[in-house]
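Hydrogens, waters and symmetry mates play no part in the numbers below; they use all other heavy atoms, side chains included. Counting convention: from 1, in listed order, for ligands and their atoms alike.
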Amino acid sequence: MTDVNCSPLTTEQLARAAELAEEFLGGQSGAAALAASFARHPELTIALTIDGTVEGVAFGHPDVEGGAILEGITVDDAHTAHGLGSLLLVRFEQAAADAGCCDVSLGSGGGYVEHFYLKNGYRQTEYLIAIPDGDRQPLDLDGLEVLRERHWEPNYRVLNIAAPDGYSPPVKAALAQRLRMQASDVSCIFYKPVTRNR
Ligand SMILES: CC(C)(COP(=O)(O)OP(=O)(O)OC[C@H]1O[C@@H](n2cnc3c(N)ncnc32)[C@H](O)[C@@H]1OP(=O)(O)O)[C@@H](O)C(=O)NCCC(=O)NCCS
């Protein structure tokens, strides 16, 4: 019989969860990011276990506006597409609400990952654009408003751009096409309000 469970990550489970984060998320959301989230916000670090083995993890932290940022979520690819990622996401949302956060937001991977968030009730509020730091040429955003700009290690200028039409693959594709010589990534920021249900 299969026992599936989502609960806060324990210290004993950290190494296995870090392996998953590194293999399936990597970069800004890999093992180091998971360890940092777990150290600072263990209440927002949720493990998915199957028969006692960690097969997925979701982790994040509060933002400055009273919400929570989902830094990373992954399920071992031996177990994806069976609803377990959705289960883990719902458990993370509960943890965020229990921690007093009013919403969850995240920067999504492309392709089916966007479908994953949309089917779980998220809507797109912004685009995230990463530009190698040296590139200071004007950007052709076709009138889309720049909301925030910051620096990401090691060398990226990152802009949050308004998405007034919400999730729109044609608008995203046109934006990526216009910025193809400058941006290394154009991705969607998704958002969902959360409330305590107990
Ligand atoms: C995103 C992720 C956590 C979802 O976990 P999951 O257990 O597959 O989640 P669910 O089964 O609840 O939903 C996934 C949906 O995407 C679809 N899907 C999953 N993997 C897919 C793939 N490789 N190609 C196409 N569709 C896929 C599933 O069919 C499902 O949609 P459906 O319910 O309409 O059939 C998991 O796929 C994963 O770890 N991906 C790699 C890491 C990653 O990209 N994380 C997100 C960072 S923003």
How far is [atom] from its nearest protein heavy atom, and which residue and atom is that?
{"atom": "atom 44 (O) of ligand 1", "result": "Val113 CG2, 3.6 Å"}
{"atom": "atom 45 (N) of ligand 1", "result": "Ile73 O, 2.9 Å"}
{"atom": "atom 14 (C) of ligand 1", "result": "Phe116 CD1, 3.8 Å"}
{"atom": "atom 29 (O) of ligand 1", "result": "Ala81 CB, 4.0 Å"}

Between [X] and [Y], is there a donor-acceptor pair closer than 3.5 Å when you use the side chain of the first and the backbone of the second?
{"X": "Glu145", "Y": "Ala162", "result": "no"}
{"X": "Gln124", "Y": "Asp165", "result": "no"}
{"X": "Arg180", "Y": "Gln177", "result": "yes"}
{"X": "Asp51", "Y": "Asp3", "result": "yes"}
{"X": "Arg178", "Y": "Asp140", "result": "yes"}
{"X": "Ser105", "Y": "Ile69", "result": "no"}
{"X": "Asp98", "Y": "Gly100", "result": "no"}

Measure from atom 39 (O) of ligand 1 to every heavy atom in Asp77, Thr74, Val90 and give the option owning the shortest one. Thr74

Given Tyr112, Phe24, Tyr117, which one has a non-hydrogen atom that is nearest to atom 21 (C) of ligand 1? Tyr112

Taking everything shown except His82 itself, do over 12 heavy atoms lie less than 6.0 Å from its NE2? no

Count the heavy atoms of every other residue, nucleotide or ligand shown that sit under 6.0 Å from CZ of Phe24, and state whether that count exceeds 12. yes

Leu9-Val104 co-clustered via ILVMFWY side chain contacts under 4.5 Å: no

Which ligand 1 atoms does [X] reach within 4.0 Å, using its non-hydrogen atoms?
{"X": "Lys119", "value": "10 (P), 12 (O), 13 (O), 30 (C), 31 (O), 32 (P), 33 (O)"}
{"X": "Gly109", "value": "48 (S)"}
{"X": "Ser86", "value": "9 (O), 10 (P), 12 (O)"}
{"X": "His115", "value": "15 (C), 16 (O), 31 (O), 32 (P), 34 (O)"}
{"X": "Gly107", "value": "48 (S)"}
{"X": "Gly85", "value": "5 (O), 6 (P), 7 (O), 9 (O), 12 (O)"}
{"X": "Gly83", "value": "10 (P), 11 (O), 12 (O)"}
{"X": "Leu25", "value": "42 (C), 43 (C), 45 (N), 47 (C)"}

Part of [X] with heavy atoms under 4.0 Å of ligand 1, whether side chain, backbone, both or neither:
{"X": "Phe190", "result": "neither"}
{"X": "Thr80", "result": "both"}
{"X": "Leu89", "result": "neither"}

Does ligand 1 have an atom under 4.0 Å from some heavy atom of Gly56? no

Please report whether atom 36 (C) of ligand 1 has a protein non-hydrogen atom at a separation of less than 4.0 Å. yes

Audit row: Thr45, Leu14, side chain to side chain contact (heavy atoms under 4.5 Å, CB included) steps and yes/no: CA-CA 10 Å; Thr45 310; Leu14 178 59; over 6 Å; no

Please state whether the rings of Tyr117 and Tyr122 are parallel, tilted or perpendicular, taking 30° and 60° as the class boundaries. perpendicular

